[in-house]
Amino acid sequence: MTHIMANDGRLLQVLCLLLNNELFQSLAAECLLQIVSRKGKVDERKPLLVLFSADAMQCMFQSADGASAKPLEEAHYHFLKKLTQVLTGLGMQLCTLWGKEGTPGCPPNFSIYLEAILTFSRHPSLSVAHFANTLWLAFFKHDHISKDPILVSFIPKWVQASGPKLMKVVYNKAARASGRSDDVAAYVALDCDSEEEFNVFFHRVRVDLLDTFKQATLVAPLVTYRYVQDWLVMMLQKTMSTPTDASQFVTVQSPSFMEWDALTLALDSVLSKILMCVERPPVGNGLQLLDLCLAFEPIDPLILSSLLSCISALFVFLSMAPPETSSGYLLRVLDKIFASLVFTQGGDQDKWTQSRSVKNVRRHAASLMVKIGHKYPLLLLPIFDRVCTIVSSLEPKLSKMEYICLQEALLLISNHFCEYDRESNFVGEVLRPVSGQWISMAKEAFCSPQQFMSFVGLDKPPVEPSAEDIYGQNRAQIICCVNVLQAVVKRCVWPDDPDRAQRGGFVVARTEAWNPIYRNPATPHFLPLFPGLLTLIQCFNSLWTPPALALLSEGYKSAYDMLEVDRNNLLGITTQSQSAADCLDWTQPPKTPIHRIQNFMTAVHDTSYHVLGAAFQSIGRDLYQLPNLATTLLNTVFSNLDFISDFRLRPIIRVFLKPFIMFCPVDFYDSVLLPVLAQFTPFILNRLNRKWQHMTDLLEAGGIDDENADAQECLEDMLNRQITREFLDVMKVTLVGGSGAEGAGGATTSGGSPAMDDELNTRLHAHTQEVIGELGMRVLTCPHISEPVVSYLLSCVAWNDSTASLKAVTLVGPVVRFLLQERQTSAHFARQALTLTLYALQTHGQHDANLGSLLMLGTQLYEMLRPKYSDIIEVMKQIPDINLTDLQKFDDKMLEETRKGNKIDKAKREMFKKLTNPVSILL
């Protein structure tokens with residue numbers, strides 16, 4: 001920085017002047033970008049504020065205006081983007097400096113600077129506007145800048161400039177040839193080479209813009225609210241004044257729908273933050289908007305779906321209104337939702353003739369009821385019986401899925417009765433229609449793979465049309481039952497408040513630590529159905545065995561294949577454009593029998609594991625204490641795993657095994673978890689070892705390449721990586737997360753909260769890596785489990801997946817430390833641990849994050865293992881061209897520091913880094 005600022009910042013002055021010279025402006029902008037992107041201490045950054053001087057600003061703004069005014073050419077456009085990054089980079093430096101001690105705060109010419117950034121926000125290029133938006137978001141989040149009067153005065157202008165950017169642009173590669181500097185599509189074509197690439201880019205732009213809208217609402221709520229209010233009123237007036245019949249319905253690419261779509265997103269973003277603001281818009285004003293939406297009766301399904309989104313966002317005003325006011329509006333809102341639930345076109349329609357757009361409206365309405373039941377249950381609680389009556393009356397007009405969604409909403413509301421008997425009775429009413437069917441199917445259809453295949457028609461030729469497929473009714477019956485079970489175990493919980501739970505009859509006992517043990521109102525109704533769920537899963541696992549595969553009819557040979565959408569998602573292949581075009585499928589042919597059977601197999605398989613995982617999470621102790629549970633699970637859920645495809649194995653690990661371990665009460669570690677882990681851990685280790693060896697062989701033979709991204713080998717590689725990472729998450733829960741799982745099995749209040757899914761994710765990161773939990777201690781002292789667990793972790797460090805390696809490194813250190821304390825290590829283990837770490841440095845050392853963590857791990861391992869195993873120095877000597885003198889100094893220092901009990905410091909890591917850089921190990 002001293003050189004940059006020499007001679008009163010002469011270098012910066014010259015670079016700013018060169019911005020207006022066409023020969024040098026691009027290179028000058030690149031130099032300035034490098035300067036304003038510098039990191040460092042506050043004192044080193046402060047000199048950069050000289051760029052806020054009037055002369056520097058004038059140079060940059062003149063060059064920006066010049067680049068924007070020129071015809072659209074790639075060179076000019078490249079310079080404009082670079083200049084935008086220079087100005088936003090300068091703003092990021094301001095974010096770092098503003099508010100720090102010894103810094104001036106608001107810089108000179110701040111208003112002029114913001115006007116320039118606003119110009120970029122108005123620019124037709126989404127890339128330029130996106131760069132500028134990053135800075136606005138940082139400003140709105142900043143504790144001091146967000147309160148600055150100058151910035152606050154710019155928020156209305158930013159909202160007006162950014163709102164239109166939320167509207168989707170139709171990709172047109174030919175627009176690039178227009179050369180028009182005001183054509184958004186021309187800039188899009190210049191930035192993106194394909195529609196798929198643009199879809200990914202626009203999604204990122206829109207998400208960032210919506211985040212900024214949310215943050216702007218926290219700073220100036222009335223400004224953002226007024227904008228979306230005016231926008232909504234304008235769209236309602238414009239749409240109502242436009243005559244519409246079936247031949248004039250909008251499509252997903254119609255400008256009017258694109259505007260509705262952008263409006264609903266902006267409205268939801270703004271109103272989702274209103275309750276967090278001190279200054280709120282008048283409730284009456286929000287209810288007037290709700291009035292306008294409720295009075296609008298569109299017949300266009302896409303417009304109706306957008307209207308439902310607006311009503312959903314405006315529902316927040318009902319929670320702010322007095323009870324006497326909200327009750328009247330609530331009934332009108334429910335009427336609107338229920339009318340949309342039975343929405344049809346062209347007279348009566350059944351599920352075979354409904355267009356996808358009609359189905360989307362109906363599903364949207366059903367999902368909206370679930371959302372309201374989740375976010376505003378207390379508003380609906382007083383009219384619970386009335387809602388139940390309406391739902392029952394609508395059942396004949398609804399599909400099974402729509403009706404189950406409404407049952408989910410009712411279950412969410414019923415949780416707030418806080419009366420065990422009443423809630424349990426209602427759960428019984430929900431399950432009663434499917435209980436008999438489920439038990440009957442478990443005894444007859446699920447008892448063997450042959451019976452199941454015959455029941456769902458897998459051993460018969462495909463039937464077309466689907467309306468004549470009698471086996472389709474059996475498949476629908478299975479899906480219905482599984483989805484009802486999922487709704488019950490996912491939505492039924494005991495009260496968060498311990499006092500209410502006690503008064504409501506949810507507490508049945510106390511632990512030795514006097515923590516309450518709760519009972520879920522669904523327990524007495526779910527337990528009789530639990531064996532049928534295990535039977536179905538066992539049956540599914542048997543379907544992949546060779547004898548069962550031989551029974552498949554010729555037309556269903558690909559029935560067990562991975563869904564195309566799942567395959568594309570895994571490979572990162574974007575199909576958004578095709579999906580969007582399908583939304584209005586007036587003429588789209590129905591799916592073929594093979595598509596229907598593939599969807600059925602995937603839905604039932606995955607949902608079954610969701611039910612199983614959610615059941616152990618919500619039912620808890622009452623499931624874990626079932627007699628011989630471990631043996632039963634091993635004989636059902638974990639049966640025939642050798643025949644299961646990788647993509648079918650993932651739900652077992654991610655959806656079932658993780659919550660099963662996490663929410664197990666301590667009392668059942670030995671009787672339930674350890675037997676399961678003793679069988680599954682060696683299996684997954686051997687399977688992944690084979691897979692990684694196979695992938696390594698393919699890679700060396702050139703069988704996997706980026707140009708053939710849809711090849712089967714590439715798919716197998718991605719699945720292998722995902723399973724490796726997901727089982728690492730399970731290992732983290734097992735080793736360091738066990739101490740917090742007692743209550744989740746029914747011993748503390750946290751296990752039954754509606755936010756259990758969030759808790760499941762946050763617990764993964766809540767424990768420091770130095771602590772092995774109680775379950776982890778038992779696992780690592782059990783020889784049948786400890787050996788495969790440790791082998792798996794060390795292998796993950798070295799396998800060719802940087803993400804998995806980074807995850808595994810955080811576990812290896814504490815595991816080795818624990819094993820040393822328990823005297824469960826050997827010389828062979830010491831050599832293997834250090835060797836694999838060095839190998840990992842060779843494989844992943846090019847990634848900064850991996851390099852830092854592996855250097856720390858290598859230093860830790862050497863320090864821990866060297867006092868007991870002197871021959872690990874021989875492992876270090878395998879590094880070619882290693883300096884033996886430096887190695888001996890490192891070895892002496894580590895021994896000396898270990899005797900003193902000193903912790904690892906930067907000097908030790910630097911010594912280890914010097915010894916291992918560059919690493920080219922001869923293994």
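These numbers were taken from a predicted model, which means no experiment stands behind them.
Atom-to-atom distance recorded for Ile145:CD1 and Cys95:SG is 4.0 Å, nearest 0.5 angstrom. Here the NZ atom belonging to Lys273 is positioned 7.5 Å from the CD atom belonging to Gln215, to the nearest 0.5 angstrom. Annotation: the span from Ile404 atom CD1 to Gln486 atom CD amounts to 9.5 Å, rounded to 0.5 Å. A distance of 5.0 Å separates OG1 of Thr134 from NE2 of His130, quoted to the nearest 0.5 Å. Rounding to the nearest 0.5 Å places NZ of Lys165 at 9.0 Å from CG of Leu209.
Of the possible polar contacts, one joining the Ser306 side chain to the Leu302 backbone as a donor-acceptor pair under 3.5 Å is found. Between the side chain of Ser305 and the main chain of Pro301, no donor-acceptor pair closer than 3.5 Å is present. In terms of modelled atom types and a separation under 3.5 Å, the side chain of Thr523 and the main chain of Ile619 share no donor-acceptor contact.
In terms of heavy-atom proximity, Val370 sits nearest to Cys405 at CG2-O, 3.2 Å. Listed here is the closest heavy atom pair of Ala321 and Leu287: CB-CD1, 4.3 Å. Nearest heavy-atom pair across Val387 and Leu410 is CG1-CD2, 3.7 Å. When every heavy atom of Phe213 is checked against every heavy atom of Ser269, the shortest pair comes out as CB-CB, 4.4 Å. Among all heavy-atom pairs drawn from Thr264 and Cys310, the shortest one is CG2-SG, 3.7 Å. Closest of all the heavy-atom pairs between Glu402 and Leu341 is OE1-O, 4.3 Å.
Here the side chains of Asp268 and Ser309 are not in contact, with every heavy-atom distance at 4.5 Å or above. A heavy-atom distance below 4.5 Å is found between the side chains of Leu307 and Pro298. At least one side-chain heavy atom of Asn569 sits under 4.5 Å from a side-chain heavy atom of Val565. Side-chain contact check for Glu429 versus Phe426: some heavy-atom pair is nearer than 4.5 Å. Counting heavy atoms from C-beta outward, Asn483 and Lys400 have side chains that stay 4.5 Å or more apart. Side-chain contact between Trp158 and Leu114 is absent, with no heavy-atom pair separated by less than 4.5 Å. Using a 4.5 Å heavy-atom threshold, the side chains of Thr239 and Phe296 count as touching. Proximity of His142 to Leu151: side-chain heavy atoms (C-beta onward) are nowhere separated by under 4.5 Å.
Between the side chains of Ser254 and Thr251, a donor-acceptor pair is found at a separation under 3.5 Å. Side-chain contact annotation: Asn133 with Thr212, donor-acceptor N/O pair under 3.5 Å present. Between His525 and Ser424, the side chains place a donor N or O and an acceptor N or O closer than 3.5 Å (distance only, hydrogens not considered). Side-chain atoms of Glu423 and Trp494 include no donor-acceptor pair closer than 3.5 Å. Between the side chains of Thr217 and Thr224, a donor-acceptor pair is found at a separation under 3.5 Å.
A centroid separation of 6.0 Å or more is found between the aromatic rings of Phe131 and Phe120. Residues Phe506 and Tyr518 keep their aromatic ring centres 6.0 Å or farther apart.
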Step-by-step salt bridge (Lys or Arg N to Asp or Glu O under 4.0 Å) determination, Lys238 to Glu259
CA-CA 11 Å; Lys238 185 167 69 173; Glu259 190 166 1; 3.2 Å; yes
Does the pair Phe198 and Val169 meet the rule for a side-chain contact (heavy atoms from CB on, under 4.5 Å), with working shown?
CA-CA 9 Å; Phe198 169 66; Val169 180; 3.9 Å; yes
Residue pair Ile383, Leu334: steps toward the side-chain contact (heavy atoms from CB on, under 4.5 Å) verdict:
CA-CA 11 Å; Ile383 57 172; Leu334 292 179; 3.5 Å; yes
Between Met369 and Phe338, is the side-chain contact (heavy atoms from CB on, under 4.5 Å) condition met? List the steps.
CA-CA 9 Å; Met369 280 300 299; Phe338 289 135; 4.2 Å; yes
Walk me through it: do Ser121 and Trp136 pass the test side-chain contact (heavy atoms from CB on, under 4.5 Å)?
CA-CA 9 Å; Ser121 293; Trp136 289 111; 2.9 Å; yes
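A cation-pi contact, defined as under 6.0 Å to the ring centre and within 45° of the axis, links Arg422 to Phe417. Cation-pi geometry between Lys157 and Phe154 is satisfied (NZ or CZ under 6.0 Å from the ring centre, within 45° of the ring normal).
Relative orientation of the Phe656 and Phe616 rings is tilted, given thresholds of 30° and 60° on the angle between their planes. Using cut-offs of 30° and 60° for the angle between ring planes, the Phe110 and Tyr113 rings count as parallel.
Contact check on Asp261 versus Arg206 returns a salt bridge, with a Lys/Arg side-chain nitrogen under 4.0 Å from an Asp/Glu carboxylate oxygen. Look at Asp729 and Arg654 and you find no salt bridge, because none of the NZ, NE, NH1 or NH2 atoms lies under 4.0 Å from a carboxylate O. Between Lys371 and Glu408, none of the side-chain N atoms (NZ, or NE/NH1/NH2) sits under 4.0 Å from a carboxylate O, so this pair counts as no salt bridge.
Heavy-atom contacts from other residues, nucleotides or ligands closer than 6.0 Å to CZ of Arg386 number 12 or fewer.
With sequence neighbours excluded, no residue forms a salt bridge (charged side-chain N to carboxylate O under 4.0 Å, His left out) with Lys397.
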